[in-house]
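To start, the structure under review is shown below, and the notes come after it.
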Amino acid sequence: MDMQVSFLDRLFDSGLLIDTGVEGLYGRSGEFEGVIAAFERLIDSIGGADGAEAIRFPPGMNRAFFEQSGYMKSFPQLAGTVHSFCGCELDHISLLKCMEEGGDWTEGQKATEIVLTPAACYPLYPTVAKRGELPMTGGLYDLQSYCFRHEPSNDPARQQLFRMREYVRMGTQAQVTEFRQQWMDRGVKMMEDLGLSVEIDVANDPFFGRAGKLLVNNQRDQNLKFELLIPVTSEVKKTACMSFNYHQDSFGLKWGLNLEGGEVAHTACVGFGLERIALALFAAHGLDTKLWPANVRKVLWG
Amino acid sequence: MNETIRNLLAKVGGLPVAADGLADEADLYAAGLSSFASVQLMLGLEEAFDIEFPDSLLNRKSFASIAAIEKTVATILSSQKAA
């Protein structure tokens, strides 16, 4: 049995996470949620003064926008689409019969207009584009959503449904790269204040297939993605708890995000993996928050 | 080879300028070649020249200009012949 399973088992035994029978799909206890709520307040206390516009989308997005995003080009293996029964009464009878016989009843399910949100900021771009040109000061947005990625695993830090808190900056290249650097500095300080050992490294997204290798190399060569890494289940293979992504003008071009005067907007996003940060805290300080170091408790709960 | 590459670039490159007008050394990324277009270009080159890009050549430099692509394809062709 490896380290990951044992940390997951300890989380189950302590009741912090609740087994549902599906890898990467867990319930959370009140204590676990309390840590996430406290961490989100910490984010607010640091980022709040920046004046971001808060928007909350549900964890599903418009399928048309999802298609337009190009997600299926890069990550077809991770996407989750919502399907429903759309048949008549006769179809219903066949469906029940199929289920009773243990057949594949899902075969007849039809795609709905909803796709599970893969990252909290995905629904934002078309929403902002619809409003028209951005002012020269650009835009700053605060998002949080449950996100879905189909990657079953017994690593508790790799869940299929998890929450991502994000800030997204749109504007000139200088504005968005400064934003990204600011949050890298803030992120390191936040984690250090929480007694977590942290490092920042260049990273890449899990692009699909052999052609994806080219995209991975492109992304790394251009330093487009950085991750803030903290040990959760392993000291050697650390877990990305924050990511800092610079999209250049690719989302601006894709969605028609323009600054006043017509210049294409550059965009960047900074994401917090909320469950991963909670897990990093539990891994570092133990499974009982009452026994966490006083200075860490003070940062989180005052 | 140069002409095949230019034809492919015109077909899948998605450049806002005509591929014909580009100098061999012109920076294709500056001319508007996107990451996804470079993937299409790579797949197109593999088919056109019956080659397979090794991981070591799957990078931005390989597709930086028409001259760079020619050099990359020539490298792969000669290593495939040697193998």
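Lettering follows sequence order; numbering is per chain, from 1. Computation of the quantities below employed the complete heavy-atom set of this structure, encompassing side-chain atoms and omitting hydrogens, waters and symmetry-equivalent molecules.
Proximity to chain B (any heavy atom under 4.5 Å) is restricted, for A/Q222, to the side chain, taken from C-beta onward. Contact of A/R220 with chain B is not made at all, since no heavy-atom distance falls under 4.5 Å. For chain B, the nearby part of A/D221 is the side chain; its heavy atoms alone come within less than 4.5 Å. Using a 4.5 Å cut-off between heavy atoms, B/F63 contacts chain A through its side chain alone, with no backbone atom that close.
Between chain B and the options A/R210, A/Q248, A/K73, heavy-atom pairs under 4.5 Å are most frequent for A/R210. Top candidate by heavy-atom pairs under 4.5 Å with chain A, chosen from B/E52, B/Q40, B/K61, is B/E52.
The CG atom of A/L78 sits 5.0 Å away from atom CD of A/E151, with the distance rounded to the nearest 0.5 Å.
Using cut-offs of 30° and 60° on the angle between ring planes, the pair A/F75 and A/Y71 is tilted. Note on ring orientation: taking the six-membered ring where Trp is involved, the planes of A/W183 and A/F272 are perpendicular (angle over 60°, cut-offs 30° and 60°).
In terms of heavy atoms, A/T239 sits closest to A/A157 at CG2-CB, 3.8 Å. Minimum heavy-atom separation, B/P16 to B/A31: CD-O, 3.2 Å.
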